[in-house]
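I have placed the structure first, in the form of structure tokens, so that the comments after it can refer back to it.
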2 protein chains.
Amino acid sequence: VIDIVILGAGNVAMHLYTAFKATKTVRIIQLYNRTKTPWIAFLGNTPGIDITDTISALKNNAHLYLLAVADDAVIEMSHKLPFQNKLVAHTSGNLSITACSSNNNRGVFYPLQTFSKNQPLTYSEIPFCIEAETETNLKTLQTVAEALSPKIYYLSSEQRKTAHLAAVFANNFTNHLYHIAAEICKTHQLPFELLQPIIMETAKKITHTTPFHAQTGPARRGDVNTLSAQVKSLQHETYKQIYQLITQSILKTYENNQL
Amino acid sequence: VIDIVILGAGNVAMHLYTAFKATKTVRIIQLYNRTKTPWIAFLGNTPGIDITDTISALKNNAHLYLLAVADDAVIEMSHKLPFQNKLVAHTSGNLSITACSSNNNRGVFYPLQTFSKNQPLTYSEIPFCIEAETETNLKTLQTVAEALSPKIYYLSSEQRKTAHLAAVFANNFTNHLYHIAAEICKTHQLPFELLQPIIMETAKKITHTTPFHAQTGPARRGDVNTLSAQVKSLQHETYKQIYQLITQSILKTYENNQL
């Protein structure tokens, strides 16, 4: 059994807590958080869980400390830990392994998923990107990740940054396009549910074909009549710019692969 | 039983053929197509199916003719039909109901979904957007649509154009962002499968929360350090522009809703 301490009170910390709680190989011996979010308050009533908001009260006998906190809190918190030479891993896609203080052995435990408050996840489908400075520490992170998911990726800090950037396009930016679509629907009294099936289908498609081959629509067909009619119909200046820029990018992507 | 003729040989025609074939209330009495695509060639060997490539050989006793052809073929084909005063509906999101020749009764039968060649669909989840010029014709289209799905929407041509535009953002543009994410992965030898779980989760999320509330990421958090680091790391000029434009749009969307 591997003993871990989870530091943080946000969505990632909550999901990791929930996920590890259901495993037999990883035991959470303590939770640390500065702020009392609702789920922490809820856990406070659960017997047998050691919760602290005092960093000096952290147990020093865990095999792994997971810093599931915001990027800018990682550096500061890692310097305040009241022990040395323990394995301390942050959960950030964007931070280098060296972001943590070198007082402890450093690692990264980055689940490449989007975590929401009230949204249950299938943890076994989450890719865990891990990194450590020694074989032994990597092995520990691997065992901890394997308790949740078979999808383990050994990424360097550079690769993980790239994966995070790619996820910004595939997740954050995609969600903003959903928002724009919802706003367009709203202006004409259309229910957004109208688009949910095509959104799901588009996401499903790229599990068995590349996005390059899955591309459809007026820009892919080079249908200039539809393209110019749609640009004209957009009232919102920023949405119009996004329409034009992505359309140009699609046209360019397929200029040698016209239908 | 409603007798229909399907005109067209593309993905939409093929899927509508497959879907109606499994119903009891709608009977396909003929297929018309100018070009012999592989699935048409396959059907040619099936007994009891009337397939023609001669427009003058079209049967004139169907209750409904579905023009499942490209937008620019609709107008021309609707003028060549060798009969009058029958119900003729196109399947385009973008064309007005008046795009068809007024020689016949006009209608629209637009399935708001993305259709691929070898990709089976759950037809009962597809929203069908229908429009007609008389109550009787609308009733016929409704019965035909209900044979496939309970999700029937009565949209005007104006509303349907808007729905199609919204779908361009939610489907076509989103898929292009998947492509950019895949390209970013490729430059650093990362497998695209790394992103598939987060893509599915992002699509799932907006079935129970609005995209406005589902937004996460550095732009949503106003994390300017990450934003500027990510912009700098993008080599591809167009991807950099897309990153900047969508980031600005997200920042603007939440300027009065900062976390």
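Chain letters run A, B, ... following the sequence lines, proteins first and then strands; every chain starts at 1.
Looking at A:N225, neither its backbone nor its side chain comes within 4.5 Å of chain B, counting heavy atoms on both sides. For A:N171, the parts sitting under 4.5 Å from any heavy atom of chain B are the backbone and the side chain alike. At a 4.5 Å heavy-atom cutoff, the contact between A:K205 and chain B is made by side-chain atoms alone. Heavy atoms of A:Q215 lying under 4.5 Å from chain B belong to its backbone as well as its side chain. In this structure, the portion of A:P191 lying under 4.5 Å from any heavy atom of chain B is its side chain and not its backbone. A:T253 touches chain B through its side chain: at least one heavy atom from C-beta onward sits under 4.5 Å away, while N, CA, C and O do not. Of the two parts of A:H208, only the side chain, counted from C-beta on, holds a non-hydrogen atom closer than 4.5 Å to a non-hydrogen atom of chain B. Interface remark: A:L190 contributes side-chain atoms only to the contact with chain B (heavy atom separation under 4.5 Å). Only the side chain of A:L121 comes within contact range of chain B, with heavy atoms under 4.5 Å apart. Proximity to chain B involves both the backbone and the side chain of A:Y178, based on heavy atoms less than 4.5 angstrom apart. The part of A:I180 that comes within reach of chain B is its side chain, from C-beta onward, which places non-hydrogen atoms under 4.5 angstrom from that chain. For B:K151, the part lying near chain A is the side chain, with the backbone staying farther off; criterion is any non-hydrogen pair under 4.5 Å. Using a 4.5 Å cut-off between heavy atoms, B:Q113 contacts chain A through both its backbone and its side chain.
Distance CG/A:L112 to CD/B:E201: 12.5 Å, rounded to 0.5 Å. Rounded to the nearest 0.5 angstrom, A:T114 OG1 and B:M200 CE are separated by 14.0 Å. A distance of 9.5 Å separates OG1 in A:T210 from CD in B:E183, rounded to the nearest 0.5 Å. B:L165 CG to A:Q230 CD: the interatomic distance, rounded to the nearest 0.5 Å, is 5.0 Å. From B:T202, atom OG1 reaches atom CG of A:L177 across 11.5 Å, with rounding to the nearest 0.5 Å. Expressed to the nearest 0.5 Å, how far NE2 of A:H176 lies from CZ of B:F212 amounts to 10.5 Å.
With a 4.5 Å cut-off on side-chain heavy atoms, B:T209 and A:S116 do not count as touching. Side-chain atoms of B:L155 and A:L194, non-hydrogen and from C-beta on, do get closer than 4.5 Å to each other. Here the side chains of B:I126 and A:P197 are not in contact, with every heavy-atom distance at 4.5 Å or above.
Among the candidates A:C185, A:S156, A:A70, A:P127, the residue making the largest number of heavy-atom pairs closer than 4.5 Å to chain B is A:P127. Top candidate by heavy-atom pairs under 4.5 Å with chain B, chosen from A:A219, A:A214, A:A229, is A:A214. Most heavy-atom pairs under 4.5 Å with chain B: of the set A:A203, A:C129, A:A182, this distinction falls to A:A203. With respect to chain B, the highest number of heavy-atom pairs below 4.5 Å among A:H164, A:R221, A:Q248, A:R220 belongs to A:H164. Per-residue heavy-atom pair counts under 4.5 Å with chain B were compared for A:G93, A:G217, A:S249, and the maximum is reached by A:S249. Contact count versus chain B (heavy atoms, under 4.5 Å) is highest, among A:T238, A:L234, A:T162, A:I199, for A:T162. Interface remark: of the candidates B:D223, B:I250, B:I198, B:D72, B:I198 forms the most heavy-atom pairs closer than 4.5 Å to chain A.
Nearest heavy atoms, A:L195 versus B:A163: CD2-O, 4.1 Å. Looking at every heavy atom in both residues, B:Q189 comes nearest to A:Q159 through O-NE2, 4.3 Å.
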Checking side chain to side chain donor-acceptor pair (under 3.5 Å) for the pair A:T216/B:N175: CA distance, chi angles, key distance, verdict? CA-CA 9 Å; A:T216 57; B:N175 184 77; over 6 Å; no

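Just one of A:F173, A:Y243, A:Y239, A:F169 meets the ring pair (Phe, Tyr, Trp, His ring centres under 6.0 Å) condition when paired with B:F173; it is A:Y243.
Looking at A:Q196, its side chain does come within 3.5 Å of a backbone N or O of B:I206 through a donor-acceptor pair.
Applying the 6.0 Å contact sphere to NE2 of B:H213 captures no more than 12 heavy atoms from other residues, nucleotides or ligands.
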